[in-house]
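Worksheet: the structure to be examined is printed underneath.
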Amino acid sequence: MSVPRTPVTVRVPAKVNVRLAVGAARPDGFHDLANVFLAVSLFDEVTASPADGLTVTCAGPDADQVPLDRTNLAARAAEILARRAGIEPAVHLHIAKRIPVAGGMAGGSADGAAALLACDALWGLDTPRAELLDICAVLGSDVPFSLVGGAALGTGRGELLTPVEAGAFHWVFAVADGGLSTPAVFREFDRLTAGTPVPPPVAPPALLTALASGDPQALAPLLANDLQAAALSLRPQLAATLAAGTEAGALAALVSGSGPTTAFLVRDQEAAGKVAAALEASGTCRTTRTASSPAPGATVRQR
Ligand code: C5P
């Protein structure tokens, strides 16, 4: 096995869900989803370097909120890959973090997928893509999409991916103070829907057509997130953020995944700048990011 001595850096995108349809809770505690993922041009980078043991460091504006122990999905990815290969997880993982932490944009999942790819290259394993995707699904429901990127429909608990077509779109993201726990948001969904039948989740064909068209006016009215009511119930102040973005000219506003990041679809890059400035001035969020979609999945950076 040839093992490169030089560190390997992988760039990985955040995601937004343009349609997150949630079914009833399953016996295993997960929910069946019809989850239309879109990768956006907001990236973390994970660098894997040779080391004596497994260590994780993180840098970025919210680095203090990132766990550096074995609960970090990047560390777990390295451990699982090493165990499968019968080697020690001797790697230092450095995360350059730009994706909001615990924000509903799959930042932790992104780091898991990136670490997996980086370690695979560092250790010269050349693991088949299908096996990497299997490991991603073990790591978490959103991790396979972080590896694949682009646009995809996720079924099952979100890990079974079918690529879908997507034109170019522009987005603004409003980052809230503090994160939201994904399990807590799903529990709140269960509480809010208790006693009412929850229909099987579907991705409407009209949404997929609008996504493929690249026409933001067509896509805007079709954006929907079944976790939004639960996220708003746990964090009522997000309603003011959504309203501020809409008043500033966003074509559509919704909670991203389990939140609390909110996502705003805008006409073009110029509109993105205006809506971001208005959101920052509104005092209803901590900061904003602008991005475009679709973005490629986890990719080894060429030196
Ligand atoms: O798969 P992942 O570890 O990211 O999921 C985190 C938590 O989110 C799960 O433990 C579960 O509570 C909830 N979840 C769910 N249904 C899904 C995905 C996640 O209930 N399809």
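The model shown is predicted, which means the values in this text are computed figures rather than measured ones. Residue numbers count from 1 along this sequence. Remember, it's 1-based here, ligands and their atoms both numbered in the order they're listed.
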Note every protein N or O atom lying under 3.5 Å from an N or O atom of ligand 1, pairing the names and giving the distance.
unit_1	atom_1	unit_2	atom_2	d
ligand 1	1 (O)	Ser141	N	2.8
ligand 1	1 (O)	Ser141	OG	2.6
ligand 1	16 (N)	His31	N	2.9
ligand 1	20 (O)	His31	ND1	2.7
ligand 1	21 (N)	His31	O	2.8
ligand 1	21 (N)	Arg157	O	3.0

Check for a donor-acceptor pair, side chain of Ser258 on one end and backbone N or O of Thr182 on the other, with a separation under 3.5 Å.
-> no

Quick one: closest heavy-atom pair of Phe264 and Ala174, and the distance?
-> CE1-CB, 3.8 Å

Pairwise side-chain contact, Asp44 with Val12, heavy-atom cut-off 4.5 Å (strictly under) = yes

For the residue pair Ser233 and Arg191, establish whether any side-chain heavy-atom pair is separated by less than 4.5 Å.
-> yes

Can you check whether Cys119 reaches Leu93 side chain to side chain, under 4.5 Å on heavy atoms?
-> yes

Just wondering, do Thr162 and Thr155 contact through their side chains at under 4.5 Å, heavy atoms?
-> no

